[in-house]
Amino acid sequence: MQKISQKYLNHFVFRKKDLFLENLSYTSIRSICEMKNMPIHFHPDRWKQIREDYDLWWNRKLNRPIIKMPIFDAYQPIGKLPKAPLLCQANCHDFQYTPEQIIQTIDYELSKIEFLGDSFPIVNFDVFGPGITSAFCGAKLDNHSGGVWFFPKEKKPIEEIQIKYNPDNQWVERIKSIYLAGQKKWEDQVLMSMPDLGGVLDIVAVFRETENLLIDLYDTPEEVLRLCDEAYTAWMEAYHDLNSVLQPINPGYSDWGAFIVINLPISYNLIFPI
């Protein structure tokens, strides 16, 4: 039986007690994964090095670039093809599948990947669209085109618009339930990201609509500032609420928080009308 290459072993770290790695074949390592109920080919011990390397990179001390090289379809998946489709923007509205079924499908797909270099298992929750905070606050999520866009459920004068985070909103509860199902399945082995919460003016533009907001910037700037304050508060409440579910189990953070909220005073919605 052909032995597995040293290059592969360097990316598949097991504790010494597991077995003597030099004598392991591909089949043996696969068997260990199955015995550990760990179909994803990424041992939890690698997270320590991943975190150290990313911390060094952010602090400009790594002396090399971060190189993420996930190899898709590197393995045959373990088990049968799950019933639920892979979660994406086109089907994120379909609640007929349980969070557990959604996670089972994601797990199935992750089990095909070889995580080389600085790559690691991650579930990207941008599948609920860019600027999901507006839906958390009552806006309509529309994905009939295959991509997610947000619209006001009712058109109102700017003076009558209020933006308030609702922790009992169906989208909030759906994302939280998927987080919890993922933690039950993987514990701290897979990083689940924050959804794309959007930027402050992106959220405001959804409720007021872009063309009207452009005029409001001239006619009623005080009302625009009021809505920006409300959107900012809603954004922060959403972030901390979702993060309270993710942490301390989630092995890291993956979001655009500081960049979107702080650094985008003029949003893409004001440049490219929806």
Side-chain angles (χ1 to χ4, degrees), residues 2-16 18-22 24-30 32-33 36 38-78 86-89 103 105-128 130 178-179 182-183 185-197 239 243 246-264 268:
Q2 185 177 4
K3 292 184 179 180
I4 195 162
S5 69
Q6 187 61 42
K7 179 179 180 181
Y8 175 84
L9 292 177
N10 291 339
H11 290 281
F12 208 108
V13 182
F14 282 91
R15 298 181 180 90
K16 292 181 180 178
D18 284 327
L19 281 175
F20 188 54
L21 287 182
E22 290 182 358
L24 283 181
S25 65
Y26 170 85
T27 303
S28 299
I29 285 184
R30 185 179 179 85
I32 290 175
C33 286
K36 288 175 172 288
M38 192 180 72
I40 298 173
H41 299 271
F42 184 94
H43 194 275
D45 286 352
R46 285 185 60 193
W47 275 114
K48 182 176 182 295
Q49 188 64 53
I50 289 288
R51 281 190 285 264
E52 289 177 357
D53 288 343
Y54 275 76
D55 284 345
L56 288 171
W57 183 83
W58 277 106
N59 290 299
R60 301 182 180 183
K61 296 179 180 179
L62 186 58
N63 297 322
R64 67 171 178 83
I66 288 291
I67 301 175
K68 298 172 68 174
M69 296 190 300
I71 308 300
F72 297 94
D73 296 318
Y75 301 99
Q76 290 296 318
I78 297 174
L86 184 63
L87 188 63
C88 66
Q89 290 192 15
I103 290 298
T105 300
I106 296 172
D107 185 73
Y108 182 86
E109 295 298 325
L110 288 174
S111 73
K112 301 179 186 179
I113 303 173
E114 168 73 279
F115 297 96
L116 298 179
D118 300 303
S119 60
F120 51 83
I122 181 172
V123 181
N124 195 333
F125 277 75
D126 66 356
V127 292
F128 287 92
I178 296 174
Y179 281 162
Q183 290 172 347
K185 176 71 175 178
W186 302 311
E187 295 182 350
D188 60 353
Q189 185 185 355
V190 176
L191 192 154
M192 292 184 285
S193 80
M194 189 69 64
D196 185 344
L197 298 177
Y239 186 96
N243 195 52
L246 287 172
Q247 297 299 339
I249 298 176
N250 211 32
Y253 290 85
S254 180
D255 61 73
W256 291 13
F259 298 98
I260 288 182
V261 172
I262 297 174
N263 294 339
L264 293 183
Y268 62 81

- Task: Identify whether the distance between the nearest side-chain nitrogen and carboxylate oxygen of Lys61 and Asp55 falls below 4.0 Å.
- Result: no
- Would you check if Ile40 and Tyr108 make a side-chain contact, meaning some heavy-atom pair closer than 4.5 Å? no
- Query: Checking Lys112 against Phe72: charged group under 6.0 Å from the ring centre and within 45 degrees of the axis?
  - Reply: no
- With the side chain counted from C-beta on, respond yes when Leu87 and Thr105 share a heavy-atom pair under 4.5 Å apart, and no when they do not. no
- Got a donor-acceptor contact below 3.5 angstrom from the Asn250 side chain to the Met192 backbone? yes
- Considering all heavy atoms, the nearest Leu62-Pro65 contact: CD2-O, 4.5 Å
- Centroid-centroid distance, Tyr253 to Tyr54, less than 6.0 Å: no
- Message: Counting C-beta onward and ignoring hydrogens, is there a side-chain heavy-atom pair between Phe128 and Leu197 closer than 4.5 Å?
- Response: no
- Message: Ring centres under 6.0 Å, that's the criterion: do Phe115 and His41 meet it?
- Response: no
- Message: What I want to find out is whether Arg46 reaches Asp118 closely enough, with some N-O distance under 4.0 Å, to be called a salt bridge.
- Response: no
- Taking everything shown except Glu187 itself, do over 12 heavy atoms lie less than 6.0 Å from its CD? no
- Does any non-hydrogen side-chain atom of Ile113 lie less than 4.5 Å from one of Phe42? no
- Exam field: side chain Gln89 to backbone Pro130, donor-acceptor pair closer than 3.5 Å: no
- Measure from the side-chain N and O atoms of Trp47 to the backbone N and O of Pro251, and report whether any donor-acceptor pair falls under 3.5 Å. no
- Query: With no hydrogens and no angle check, is any side-chain donor or acceptor of Ser193 less than 3.5 Å from a backbone partner on Phe125?
  - Reply: yes
- Task: Please examine the side chains of Leu116 and Lys68, heavy atoms only from C-beta on, and report whether any two atoms are closer than 4.5 Å.
- Result: no
